[in-house]
Amino acid sequence: MTTSPETLPGRSRSALTRTMVIWCPDWPVIAAAAAAGLAPDAPVAVLQKGKVLASSATARASGVRRGLRTRDAQSRCPELVVLKYDPVVDTRAFDPVVACLEALTPGVQIIRPGMCALRARGPSRFYGSETAAAAKLLDRLETYDVPGGRIGIADGPFAAEQAARTSSPETRVQVVPEGGSAGFLADFSVDVLEQPALTDLLRRLGLRTLGAFAGLPATEVLTRFGGDGAFAHRLARGDDDRPVVPRQAPPELTRTVDLEPPVDRVDQVAFSIRGLADEFITGLTGLGLVCTTLHVEIGTESGRIHDREWLHPRWFSAADVVDRVRWQLQGSGTATSELTSAVTRVRLIPAGVDPVGAHADGLWGGGPDERIHRALSRVQSMLGHGAVATVVIGGGRGPADRQTLVPWGDRPVPKLAPDLPWPGSLPAPAPATVYPEPRPARVLGPDGRSVSVSARGVLSGHLSHFSPDLDTDLQPVTAWAGPWPVDERWWDTDAESRLARFQLVGPDGRAWLLAVRNGHWWTQASYD
């Protein structure tokens, strides 16, 4: 028995999977143009890192090619529509295409957006031959408004992909006979291996085709090029034994309940969804997940949909889910208040899930104390969502500007970004107590007159005595720092603020933050 030069010793051809690869040319352009609402025949180019990643047939007819810079592409096609490549849009648009193919044959594996693979044996036996099965799948793509699809069939995914890429608009199905993958791939450039470092080295060694590379002994390739090189060598020999792994449909985590007849009271809606909330949490628990971000959609008889995302400091329980739905409906009313429009549907969507282990308490604990969380959540359920809040420190020039009150359980995001430059802001440390409303104060010089600050930040006198409020006696200033002038929103007469801040220390060692504006002094905060 002689061994075929295409077969590695000790390996049977029956181990290779007869594979069918379905390719949608120019898929990034198709997906981006559909998302932008452009016509299919529009001249479109999709850019990635400032270069053309893909272009439409109309753009290619004007000379736009892959790898061109934006300016060069637009010079060749002035009416070119330039779109930025978005992998999320690319993947999202391809998912319905895969679903339409799975309606004909299950077991589709996504290689990348615009290309998928499946085992050829099942469809070929069902439809009579590989060619007939390929024609049926292409007709399915045409029905789904995905024109120009091509299919390659060969031993293994790599050879089938190259077969699909070598097909033409006239011959859209390229079939490589069984056992003929090595001969089919022999004249291909080593660039199709998509290993730039390896292909550069092979070219310098004079090995420019897959056939020349496949002629090297496998043991020598493994010794010289390592594991990646040995894998590429197997692909070049047509010995791609990778199986086709069908995609697994993700479990359905969303839960929906239709209320018939519609319910027009908040407490009745909350009671109606208790079972749904239990089912929602039980489904996540069975998968070892917890919900940290909940998206609630409430449909009403008027046709309006009220939706909102809720966050949790730890994770949602069934009772927490019911509370969020009630708060979303309740607003400023009471738990038994009537709604302006009856509720017809409630939909619970886990917008953010994590493994249970990611939220397990550490050796010294972690996250908010369970007793604190339950107490605050209980108060929040009685008084409303915004009744219990925590303070988040953000950016700003004044101490009051840096505070953002965030309802308990919501994402702690400050109103102003802390990492931006804030000219005139206070130096560290921050004051311990910030008064909701500044208190009138007095600051006097040695002559007993109130000290003022000019527009250039020049003091009218030395800071000698001060009183943090009008009800306190004057006390000597033992130390002070400033002024820190602030000139905000000078273009807005209603919101402009021009003042200067000072830090003063009294004889008891307590420090104060004072500000002077238009000759009047105010106490903004104190330091402990």
Side-chain angles (χ1 to χ4, degrees), residues 3-25 98 101 105-125 130-131 133-134 137 150-167 173-199 201-203 207-247:
T3 302
S4 169
E6 301 176 359
T7 308
L8 286 175
R11 185 181 296 272
S12 171
R13 276 289 169 188
S14 60
L16 303 182
T17 302
R18 192 70 176 166
T19 306
M20 181 181 299
V21 169
I22 304 169
W23 176 44
C24 301
V98 176
L101 294 175
T105 175
V108 178
Q109 175 187 358
I110 300 177
I111 300 177
R112 64 178 66 90
M115 181 177 291
C116 57
L118 53 90
R119 297 173 184 173
R121 181 180 178 184
S124 62
R125 293 179 64 181
E130 293 176 342
T131 304
L137 292 174
R150 303 179 190 179
I151 293 180
I153 306 172
D155 297 332
F158 178 73
E161 178 181 344
Q162 306 311 315
R165 293 185 180 277
T166 56
S167 60
V173 180
Q174 178 77 10
V175 180
V176 179
E178 291 190 44
S181 295
F184 170 73
L185 295 171
D187 295 333
F188 279 78
S189 169
V190 292
D191 294 332
V192 299
L193 295 173
E194 296 184 355
Q195 294 190 27
L198 175 63
T199 55
L201 180 57
L202 293 177
R203 286 183 175 277
L207 305 173
R208 301 180 179 276
T209 63
L210 295 183
F213 182 39
L216 299 179
T219 55
E220 298 294 337
V221 171
L222 178 60
T223 304
R224 177 64 179 83
F225 301 107
D228 291 341
F231 173 71
H233 187 248
R234 292 200 304 270
L235 297 183
R237 294 176 65 98
D239 193 41
D240 184 7
D241 58 350
R242 292 176 296 171
V244 176
V245 182
R247 71 168 184 167

Considering non-hydrogen atoms only, spot the tightest contact between Leu118 and Val244 and give its length.
CA-CG1, 3.8 Å
If every non-hydrogen atom of Ala117 is compared with every non-hydrogen atom of Thr19, which pair is closest and at what distance?
CB-CG2, 4.0 Å
For residues 217-226, dump all side-chain donor-acceptor pairs below 3.5 Å to protein atoms at least two apart in sequence or in another chain.
unit_1 : atom_1 : unit_2 : atom_2 : d
Thr223 : OG1    : Thr219 : O      : 2.9

Please find the pair of heavy atoms, one from Thr17 and one from Pro243, that lie closest to each other, and give the distance.
OG1-CA, 4.2 Å
Out of curiosity, Met20 CE to Leu137 CG, how far, rounded to the nearest 0.5 Å?
6.0 Å
Criterion side chain to side chain contact (heavy atoms under 4.5 Å, CB included) on Val98 and Ile110, from CA distance to verdict:
CA-CA 8 Å; Val98 176; Ile110 300 177; 3.9 Å; yes
Residues Trp23, Ile111; criterion side chain to side chain contact (heavy atoms under 4.5 Å, CB included); working and verdict:
CA-CA 10 Å; Trp23 176 44; Ile111 300 177; over 6 Å; no
Could you walk me through whether Arg208 and Val190 pass the side chain to side chain contact (heavy atoms under 4.5 Å, CB included) test, one step at a time?
CA-CA 6 Å; Arg208 301 180 179 276; Val190 292; 5.6 Å; no
Donor-acceptor check, side chain of Arg150 to backbone of Ser167, threshold 3.5 angstrom: yes or no?
yes
Please check if the number of heavy atoms outside Arg203 that lie under 6.0 Å from its CZ is greater than 12.
yes
Determine whether Pro246 and Val108 make a side-chain contact, defined as any pair of heavy atoms from C-beta on separated by less than 4.5 Å.
no
NZ/NE/NH1/NH2 to OD/OE distance under 4.0 Å, Asp239 and Arg237
no
Measure across Ala160 and Ala154 and return the closest heavy-atom pair with its distance rounded to 0.1 Å.
N-CB, 3.6 Å
Do the side chains of Leu235 and Leu193 get nearer than 4.5 Å, heavy atoms only?
yes
Arg112: what forms a salt bridge (Lys or Arg N to Asp or Glu O under 4.0 Å) with it, not counting sequence neighbours?
Glu161
So Met115 and Ile22, side chain to side chain contact (heavy atoms under 4.5 Å, CB included) or not? Walk me through it.
CA-CA 6 Å; Met115 181 177 291; Ile22 304 169; over 6 Å; no
Non-hydrogen atoms of Ser181 and Ala159 that approach each other most closely:
OG-CB, 3.8 Å
Is the closest side-chain heavy-atom distance between Thr131 and Val175 below 4.5 Å?
yes
Report yes if the side chains of Arg242 and Phe231 come closer than 4.5 Å at any heavy-atom pair, otherwise no.
yes
Just wondering, do Leu185 and Gln162 contact through their side chains at under 4.5 Å, heavy atoms?
yes
Considering non-hydrogen atoms only, spot the tightest contact between Leu210 and Ala236 and give its length.
O-CB, 3.7 Å
Sorted by chain and number, sequence neighbours left out, salt bridge (Lys or Arg N to Asp or Glu O under 4.0 Å) with Arg18 holds for Glu130, Asp155
Residue pair Thr209 / Asp187, side-chain heavy-atom distance below 4.5 Å
no
